[in-house]
Every structure is written in C-alpha cells, then in structure tokens.
Amino acid sequence: MDEHEDRILAEELAALGAASGGSARLVRAVARLMRKNVHEVELRVPLPFDATVQRVSGVLGRAGSRPIETSRERYGEAETLRIVTGGGAGGLNPVVVTARVSEIDGETSAVLLRAAAKEGVIRQRAGEKTALRLAALLSTATGTEGSGRAGEGPGR
C-alpha cells in the first residue's frame with residue numbers, strides 16, 4: 001500500500017507543480033523524498049456490509065474528492081475504496097484516502113480509514129487531519145463511534 005500511495009502522491013504533486021509553471025519531473029523526484037504523514041482510524045459500523053459500503057462511498061464522494069480505485073475481494077466480504085482529496089492549507093496538499101470496509105457479521109461492518117499526505121518543511125499534518133475529518137463525517141452518516149484504534153507513524 002505504501003508504494004502505491006507514494007506514487008499517487010508524487011504524481012498529484014507533480015501535476016500541481018506543472019500547473020503552477022514548475023517542472024513536474026523535479027517535483028515528482030522531490031516528492032518521493034518527502035516524509036509522509038499517515039493516520040488510521042478504525043470504525044465499527046452497526047450496518048450490514050452493502051449499506052456500509054454505500055455510506056462510505058457517499059461520504060468520500062461528498063468530501064470533494066476524486067476517486068482513484070475500488071476493489072472488492074472475492075473471498076469474504078471486503079471492499080477497498082481509494083480517493084484523492086485536498087488537505088492542508090487551502091486544501092492544496094493532495095491526500096490519498098483509503099477506506100477498507102469488511103463484514104464482521106450480517107449486521108455489523110468494520111471500516112479502516114487511512115489517509116496519507118506528503119509533508120514539506122512546514123508540517124501541516126494533512127493526513128491526520130483528513131482522516132479525523134472523514135471519520136467524523138462517516139460516524140455521523142452511520143451512527144457509529146471509533147473503536148479506539150487510531151494511529152500515525154512517520155512514513156507509515
């Protein structure tokens with residue numbers, strides 16, 4: 001997951017650099033060297049799997065984001081949704097958000113929400129802030145609270 005996130009973030013930052021008249025190639029190279037701010041929040045949702053996937057998709061869509069990919073596991077009920085949204089000052093820092101929805105039982109699901117953003121000299125904690133913001137929106141949309149598993153790590 002880390003390499004894929006890093007590649008997406010480098011491409012997003014390169015596109016921003018090119019749009020502002022900079023060198024996309026240089027920005028892409030520098031982005032690969034930057035630290036990553038990552039934060040994860042796990043939610044236990046009192047809804048069936050399909051309803052949870054629908055709510056997660058709706059919340060991520062309304063967050064002003066751009067979908068990147070969706071994948072569904074064949075064995076067991078699990079679906080992963082990945083988007084890119086803006087975070088940090090003015091929403092200009094790209095943040096990759098990955099939501100993995102798993103079925104716990106017929107009436108309960110788990111959502112692991114992970115947000116990652118590159119950090120420059122000024123630490124904005126865009127990954128952490130985005131994960132917490134989206135987790136709060138998702139909690140409201142599903143009537144749930146976090147399970148207590150949340151974490152962040154340098155370059156996770």
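For the single chain, residues carry numbers from 1 onward in sequence order. Atoms considered below: every heavy atom in the structure, side chains included; atoms not considered: hydrogens, waters and symmetry mates.
- With contacts defined as side-chain heavy-atom distances shorter than 4.5 Å, the pair K129/H39 does not qualify.
- Counted within 6.0 Å of CG on L33, heavy atoms from surrounding residues, nucleotides or ligands total more than 12; the atom is thus considered enclosed.
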For the pair R114 and E40, evaluate salt bridge (charged side-chain N to carboxylate O under 4.0 Å, His left out) and give the outcome as yes or no after the intermediate values. CA-CA 4 Å; R114 175 185 169 97; E40 293 180 348; 2.8 Å; yes
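- Between A99 and V56, the closest heavy-atom pair is CB-CG1, 3.7 Å.
- Side-chain contact check for L16 versus V27: every heavy-atom pair is 4.5 Å or farther apart.
- When only modelled atom types and interatomic distance are considered, R100 and T98 share no side-chain donor-acceptor pair under 3.5 Å.
- Inter-residue side-chain proximity for L81 and L60 is flagged as met; some heavy-atom pair is nearer than 4.5 Å.
- Using a 4.5 Å heavy-atom threshold, the side chains of E12 and L9 count as separate.
- Considering L47, V45, T144 as possible partners of R55, the one that fulfils the side chain to side chain contact (heavy atoms under 4.5 Å, CB included) test is L47.
- In this structure, L134 and V97 have side chains that are in contact, with non-hydrogen atoms separated by less than 4.5 Å.
- Minimum heavy-atom separation, E77 to F49: OE1-CE2, 2.9 Å.
- No continuous path of ILVMFWY side-chain contacts below 4.5 Å connects V30 to V95, so the two sit in separate hydrophobic clusters.
- With respect to the salt-bridge test (charged N to carboxylate O, under 4.0 angstrom), the residues R32 and D6 do not qualify.
- Using a cutoff of 4.0 Å between basic side-chain nitrogens and carboxylate oxygens, K36 and E119 are not scored as salt-bridged.
- The closest side-chain heavy-atom distance from R28 to L13 is not below 4.5 Å.
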